[in-house]
Student: 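Here it is, the structure, as structure tokens.
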Amino acid sequence: MTLTQLEIFSLVAELQGFTHAANRLGISQSAVSHAIKGLEQELGVELFRRHQAHVALTDIGEQLLLRARAMLGLANTLEQEAADARGLKRGTLRIGSFGPTSSNRLLPQILRPFRQAYPDIEVHVDEGPDRQVIQWLDERRIDVGFVVLEQERFDTFALFTDQMVALLPANHPLAEHPALRLEDLCETPFILTEAGSSELVSRLFASARLAPKVRYRYAQLLSTLEAVSRGDGVSVVAQGSLPATPDPRYVARPLAPGITRSIGLAVLDRRQASPATLAFIRVAQGLDFVPVAPS
């Protein structure tokens, strides 16, 4: 069993196909098939169920994938630590990011000084909903991820706190108010964004024993902004997720009492984190992310 075999196995599982993995690695499909066949023969188990268009992990394959990713992560850490000892500062950093707050607001500010300090570290960024970033951390598909705090089962590092705001069409009667209560938003059609802060928003209404009139659910914040701008309803979102240049078709108003959301970085275990991961966290913690005031 070699690290190359494990890397190919992990990539085939992620992409669900030998051809896709071969294209990603820049090798022939036969080389991928040979590596997987050799690994299966050595372990004495079938790792994949073959279908015409794709492959799927067997039950034992699912179990071994977590071990393989853990071994690859440790191998990457060893290589980075050895490179650091030689003064090379090389390696790979896999980052999980969710939504506009982390992908558009926080991550670019961190990557700028990080690349200047560590130009030879290769950075991979995977984007998905916040729940998926947590899953990627559990599966060791990423080294570090942006998360909504608190996350007790991870080692976390707080970075940024913003406030939750009500989002309304500019001509909505409630837009005249300087701040809004949750109950103010229950008598008008409500739009829920499924990604980002949706779980927090749902908990807020539930804990206040309120039930907004949810008319639409959107997977992306941009769709929510467009729906609010058209006058389809109101919403509650994180201020930090809104575009830097406000759209005159909608307004954001703070909630009363104020409600905040904290964003941070998370790793499975800081003691096993690679030098590149720890360097990224140090750079992030050294920055000052200024909260945005509601428009």
Side-chain angles (χ1 to χ4, degrees), residues 97-107 109 127-133 146-151 158-264 288-295:
S97 183
F98 74 91
T101 303
S102 59
S103 294
N104 298 342
R105 179 174 177 79
L106 303 181
L107 185 57
Q109 295 186 61
E127 294 182 291
D130 53 340
R131 293 185 296 273
Q132 191 166 33
V133 172
F146 288 92
V147 297
V148 178
L149 302 177
E150 296 288 330
Q151 297 290 340
L159 294 182
F160 174 74
T161 299
D162 65 356
Q163 61 179 321
M164 306 301 295
V165 295
L167 201 65
L168 310 102
N171 60 357
H172 196 284
L174 291 176
E176 299 178 0
H177 296 230
L180 294 168
R181 303 169 302 166
L182 288 177
E183 48 262 44
D184 296 331
L185 306 175
C186 291
E187 299 303 319
T188 188
F190 194 85
I191 301 166
L192 184 65
T193 304
E194 296 289 357
S197 55
S198 63
E199 293 183 3
L200 173 59
V201 172
S202 298
R203 288 199 304 269
L204 291 176
F205 280 102
S207 62
R209 297 185 178 182
L210 296 171
K213 298 177 180 178
V214 178
R215 176 178 290 178
Y216 300 104
R217 297 175 185 267
Y218 287 107
Q220 301 295 331
L221 177 65
L222 287 178
S223 300
T224 299
L225 296 180
E226 282 300 315
V228 172
S229 299
R230 291 193 302 266
D232 293 345
V234 302
S235 188
V236 171
V237 300
Q239 177 67 32
S241 68
L242 296 176
T245 303
D247 190 317
R249 297 178 299 164
Y250 63 78
V251 297
R253 295 289 181 260
L255 297 174
I259 299 169
T260 60
R261 179 186 75 158
S262 296
I263 305 294
D288 183 19
F289 301 104
V290 180
V292 179
S295 57

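We number each residue from 1, following the sequence as shown.
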Student: Do P100 and L221 come within less than 4.5 Å of each other through their side chains, counting heavy atoms only?
Tutor: yes

Student: Can you tell me how far the CG atom of L106 sits from the OG atom of S97, to the nearest 0.5 Å?
Tutor: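 Reported value, rounded in 0.5 Å steps: 8.0 Å.
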
Student: Find the distance between CG (D162) and CD1 (I263) and round it off to the nearest 0.5 Å.
Tutor: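 So the CG of D162 and the CD1 of I263 are separated by 6.5 Å.
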
Student: Output, in order, the C-alpha distance, side-chain angles, deciding distance and verdict of side chain to side chain contact (heavy atoms under 4.5 Å, CB included) for V201 and R203.
Tutor: CA-CA 5 Å; V201 172; R203 288 199 304 269; over 6 Å; no

Student: Considering all heavy atoms of both residues, which atom of L149 and which atom of G264 are nearest to each other, and what is their separation?
Tutor: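 Heavy-atom minimum between the residues: CG-N, 4.0 Å.
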
Student: I'd like to know whether the aromatic ring centres of F205 and F190 sit less than 6.0 Å apart in this structure.
Tutor: yes

Student: Are the side chains of R253 and L168 in touch, meaning some heavy atoms are under 4.5 Å apart?
Tutor: yes

Student: Could you tell me whether the side chains of T161 and T260 share a donor-acceptor contact shorter than 3.5 Å?
Tutor: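 T260 and T161 do not have a side-chain donor-acceptor pair below 3.5 Å.
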
Student: Any chance you could measure F98, atom CZ, to R131, atom CZ, to the nearest 0.5 Å?
Tutor: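 Between atom CZ of F98 and atom CZ of R131 there are 11.0 Å.
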
Student: Scan the side chains in residues 229-237 for donor-acceptor partners under 3.5 Å anywhere in the protein, sequence neighbours excluded, and list what turns up.
Tutor:
residue	atom	partner	partner atom	Å
S229	OG	L225	O	2.7
R230	NE	D232	OD2	3.1
R230	NH2	D232	OD2	2.9
S235	OG	I191	O	2.7

Student: Quick one: do F146 and L159 satisfy side chain to side chain contact (heavy atoms under 4.5 Å, CB included)? Show the steps, please.
Tutor: CA-CA 9 Å; F146 288 92; L159 294 182; 4.0 Å; yes

Student: Which heavy atom of P169 sits nearest to which heavy atom of V228, and what is that distance?
Tutor: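 Result for this residue pair: CG-O, 3.2 Å.
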
Student: Side-chain donor-acceptor pair under 3.5 Å between E127 and S103, yes or no?
Tutor: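 A donor-acceptor contact under 3.5 Å links the two side chains.
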
Student: Drop me the distance from L242's CG to Y250's OH, to the nearest 0.5 angstrom.
Tutor: 5.5 Å

Student: Is it the case that the side chains of S241 and R105 hold a donor-acceptor pair, with the cut-off being a distance below 3.5 Å and no angle test?
Tutor: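 S241 and R105 do not have a side-chain donor-acceptor pair below 3.5 Å.
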
Student: Determine whether M164 and R261 make a side-chain contact, defined as any pair of heavy atoms from C-beta on separated by less than 4.5 Å.
Tutor: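 Side chain of M164 against side chain of R261, heavy atoms only: contact under 4.5 Å found.
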
Student: Kindly give the heavy-atom pair with the smallest separation between A166 and L185, and that separation in Å.
Tutor: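 The pair with the smallest heavy-atom distance is CB-CD1, 4.0 Å.
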
Student: Quick check: closest heavy atoms across A252 and Q239, and the distance to 0.1 Å?
Tutor: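 Answer, listing the atom of A252 first, then Q239: CB-OE1, 3.8 Å.
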
Student: Mind checking the CG-CZ spacing from L182 to R209? Nearest 0.5 Å is all I need.
Tutor: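 So the CG of L182 and the CZ of R209 are separated by 15.0 Å.
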
Student: Could you tell me which non-hydrogen atom of P248 sits nearest to which non-hydrogen atom of A170, and how far apart they are?
Tutor: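 Closest pair (atom of P248, atom of A170, distance): O-CB, 3.3 Å.
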
Student: Under 4.5 Å between any side-chain heavy atoms of T101 and F160, yes or no?
Tutor: yes

Student: Roughly how far, to the nearest 0.5 Å, is the CD atom of Q151 from the CG atom of D130?
Tutor: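 Output value for this atom pair is 8.5 Å.
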
Student: Which heavy atom of T188 sits nearest a heavy atom of K213, and at what distance?
Tutor: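 That closest heavy-atom pairing would be O-CB, 4.1 Å.
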
